[in-house]
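The next block holds one structure in the form of structure tokens; read it before the comments.
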Number of protein chains: 4
Amino acid sequence: MSRGRIDKRRAILDAAFTVFAREGYHQACVKEIAAEAGVAKPTVYNHLGDKEGLFREAMAAAADRALAESLSAIEALTGEGDVRATLEDVGHRLLRCQGGERAWALRRLLYAEIHRVPELFDTVHGRGANRLGEALANRLARLSLGGGLRAADPDVAAGQFLALLTGPMETRSRLGTRPVAEAELRAGARAAVDTFLRAFGPVSAEGQPSGDR
Amino acid sequence: MSRGRIDKRRAILDAAFTVFAREGYHQACVKEIAAEAGVAKPTVYNHLGDKEGLFREAMAAAADRALAESLSAIEALTGEGDVRATLEDVGHRLLRCQGGERAWALRRLLYAEIHRVPELFDTVHGRGANRLGEALANRLARLSLGGGLRAADPDVAAGQFLALLTGPMETRSRLGTRPVAEAELRAGARAAVDTFLRAFGPVSAEGQPSGDR
Amino acid sequence: MSRGRIDKRRAILDAAFTVFAREGYHQACVKEIAAEAGVAKPTVYNHLGDKEGLFREAMAAAADRALAESLSAIEALTGEGDVRATLEDVGHRLLRCQGGERAWALRRLLYAEIHRVPELFDTVHGRGANRLGEALANRLARLSLGGGLRAADPDVAAGQFLALLTGPMETRSRLGTRPVAEAELRAGARAAVDTFLRAFGPVSAEGQPSGDR
Amino acid sequence: MSRGRIDKRRAILDAAFTVFAREGYHQACVKEIAAEAGVAKPTVYNHLGDKEGLFREAMAAAADRALAESLSAIEALTGEGDVRATLEDVGHRLLRCQGGERAWALRRLLYAEIHRVPELFDTVHGRGANRLGEALANRLARLSLGGGLRAADPDVAAGQFLALLTGPMETRSRLGTRPVAEAELRAGARAAVDTFLRAFGPVSAEGQPSGDR
DNA sequence: AATGAATGAGGGTTCATTCAT
DNA sequence: CATGAATGAACCCTCATTCAT
């Protein structure tokens, strides 16, 4: 059947994202993408139309992957176990997702082209941060019901959790330009969770930040 | 003397940033910048070298301006007056700075070209967010000493305050693509300050979010 | 048997001429021809070699058809009946042939590609205007012998008759770009025959143009 | 001043027509035109926009030239001198104009692209055959008044004169593909004038075709 | 015999940059 | 110094043509 066709399409999209990530949309040339995918230039056009379409699809595919990773990262956020430890673990995993090279590339490309291609926002955030935010809000809501968190608007709390987590990392990683050590990720997660729990933690947990370091 | 020369240079840089902001670095063409500045193309080259230099200088100038605005926004953050009201006011002013069209353009351009021009990070953040972060940290430290805030690492607190402030706004403004109503800015500032004070507010202020609305 | 093969070949040639007529040789793309014929691209190549051959064959087929129409149009030119009326009728029929959409397309394509493909002249005129000219000359010769026309070189007379007929129509139809009303065709035929008979008509017919209108 | 600019524009247009005449519109590539003009490709674009505009302007310029030649050819058509001799001379000159290489190229290009660029008809005929037809009609009208011709609609007579002149030549020159000997041109002009005068000549001239050869 | 997929070659157009005035 | 004009280098895209199925 057209199994091969789909595979090739996937290969081209992967190659495209790789090159777009490395060069940016305008600097990237289709020839290079084709070379990266190991096909001839017209094959790219046959499969994905013009450069614009190639870009959109590559972005969508990358966003899908990034979302899947992030969603899987917050699956550990059940009501069971120590709240602080769980949040730190989830935070750490999220930072690893969002701090990955491809995730940063996705975000940079999004910022770079959002003005020219406004739909890109939904393409990426609809499948990425927002869907992630909603999923996280759901988890936090259940945690609140279970007494693990002080009651609050779960959407706001989710947004703020993500902001506390990723915001300070932007500077640390120089916008994803510099690799961030594992320890720094951990520290970042802990700092975010500290503050988050001071604001939203259960009364009982107040004043007991994670013990060591 | 060279007064006119400097003026023309300034005019070209302004025009350049306007066009870069509108089109992005690669899409922007020197011809258009020259037209926007009201001069001929070679004049641009005489004054600022090549397109690359033009971009760097334009970014630096725009970053300087943005920093000045933000610094002036946090000047209200003295120890005097109600902490919550002051923070909300400052937060609101900051959001107006950072949410302005040129500020978003600056950020988008930074994201877009950071990979190709790494120095851009310092050019912008050295004069922008970081210097802002430090200044904010200083203010917060003095607030802590004055008892207006619970003791904490001022750098961390400053970073988190900015994150709580701007993070959730990214989605709301669709990365600066959509104008955000004044009321939304106020609400955003309040939400950030609420959480910030729950985490870092003085014990006395605990549990007393801004009364109305 | 190969009945189906021939049919498909014919279908492809028809489609080819249609597309060539619409787009011109260079603008027409094989893909479109294949689509018009309802087959896949390689099928076209299997049946007719490359684009060049496709073009030649399509032109030849179209020329054959056009010739057949024109030849049938002059069949009415027997010695019987009124000379003027007969000539006008034949002239009118010829104008309808030569003024048809496909005939104009044929001529335009001939003009367009004659320089690149000189044989095209014989392909088209050998089967078209020239063979038509000869046939017409034969008819006129018999008319002369029968006294219906003043004696003259039949080849010259035939050529001039066709020239008087079609020449002025070129401007009227804007080179086949504009449809010409039936009445205009009639008037054109009458004007041509008027002059033709003034020059070649029998002495008896002198000065008696077609009576009405 | 911009004298040089105009000169270069003229040079480019000349080169363009030369190449278009040689290759046809679609086969001609801008690179070759630029080479023929001795400039770089972008210079062509600076002066004349895209290929389409280049074509239109080149056609208009060529048509202007062709018209000037033809108009000058019929200037000899005054009432003085022998009618037959004068007409033959004018006819011969016209055939030399219309049978020239550039004139044929102009016509072929016109036929080739008329469907895609309908305005071309006016561009060429408005300045060419039609304006020529009108001018010729004027001359013939004065000839009629002077008794040199039998009275007739001058527009019709002019059109038919041109048709008798050029129509039979199309086949002889294989659509301008083959050079036509001077003697053939003379013979063509004589044949046309013979018939024309038989139809429109003064009664006195009837039956006295040009004596020798 | 017919097709989906792939490719090599080539063309129009734009742009950053440099002379000559 | 400012400018009009010129250029070399790229890049996107299309198309005629050929395999493998």
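Within every chain, numbering begins at 1; the chains are lettered A, B, ... in the order of the sequence lines, protein sequences first and strands thereafter. Computed from heavy atoms alone, side chains included, the values below leave out hydrogens, waters and symmetry copies.
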ask   = Separation of B:E52 atom CD from E:dT17 atom P, in whole Å?
value = 9 Å

inquiry  = What is the separation between atom NZ on A:K8 and atom C1' on F:dC19, rounded to the nearest whole Å?
reply    = 12 Å

request  = Evaluate salt bridge (Lys or Arg N to Asp or Glu O under 4.0 Å) for C:E119 paired with C:R56, printing each intermediate quantity in order.
outcome  = CA-CA 9 Å; C:E119 315 90 88; C:R56 282 199 242 261; 2.8 Å; yes

key: Nucleotide E:dA6, atom C1' - distance to CZ of A:R9 in whole Å   = 17 Å

message = Expressed as a whole number of angstroms, how long is the span from C:E32:CD to F:dA16:P?
response = 10 Å

message = Checking base pairs now: Watson-Crick or wobble, both atom distances under 3.5 Å. What partners F:dA10?
response = E:dT13

key: D:G49 vs A:P42, nearer the 5' end of DNA chain E by closest nucleotide   = A:P42

request  = Name the nucleic acid region contacted by B:N46, choosing base, sugar-phosphate or nothing; use a 4.0 angstrom heavy-atom cut-off, strictly under.
outcome  = base

inquiry  = If you assign each of A:K31 and C:H26 to its closest nucleotide in DNA chain F, which residue comes earlier from the 5' end?
reply    = A:K31

task = Answer yes or no: is there an ion pair linking B:R22 with B:E36, defined by an N-O contact shorter than 4.0 Å?
result = yes

task = Select base, sugar-phosphate, or nothing to describe what A:A34 touches, counting heavy atoms under 4.0 Å on all strands.
result = nothing

message = Regarding D:Q27 and C:Y25, do their side chains bring together a donor and an acceptor under 3.5 Å, going by distance alone?
response = no

remark   = To the nearest angstrom, the CG-P distance between A:L54 and F:dC11 comes to 15 Å

message = Can you identify which nucleotide, out of E:dC15, E:dT3, F:dA16, has its nearest atom closest to the B:C29 side chain?
response = E:dC15

query = Taking for each residue the nucleotide of DNA chain F bearing the nearest heavy atom, is the 5' side occupied by C:V30 or by A:Y45?
reply = A:Y45

query = Atom CG of C:D50 and atom P of F:dT17: how far apart are they, to the nearest Å?
reply = 5 Å

query = Does B:H47 make a side-chain N or O approach to OP1 or OP2 of F:dC1 shorter than 4.0 Å?
reply = no

query = If you pin B:Q27 and A:T43 to their nearest nucleotides in DNA chain E, which one's is more 5'?
reply = A:T43

task = Measure the CD1-CG distance between B:I12 and B:N46 for me, rounded to the nearest 0.5 Å.
result = 8.5 Å

query = Do A:K41 side-chain and E:dT7 base share a donor-acceptor contact under 3.5 Å?
reply = no

Identity of whatever pairs with F:dC19 - Watson-Crick or G-U, under 3.5 angstrom = E:dG4

Whole-Å distance separating the NZ atom of D:K51 from the P atom of E:dG10 = 15 Å

query = Which whole-number value in Å describes the distance from C:E23 CD to F:dT14 P?
reply = 15 Å

request  = Answer yes or no: is there an ion pair linking B:D14 with B:R65, defined by an N-O contact shorter than 4.0 Å?
outcome  = yes

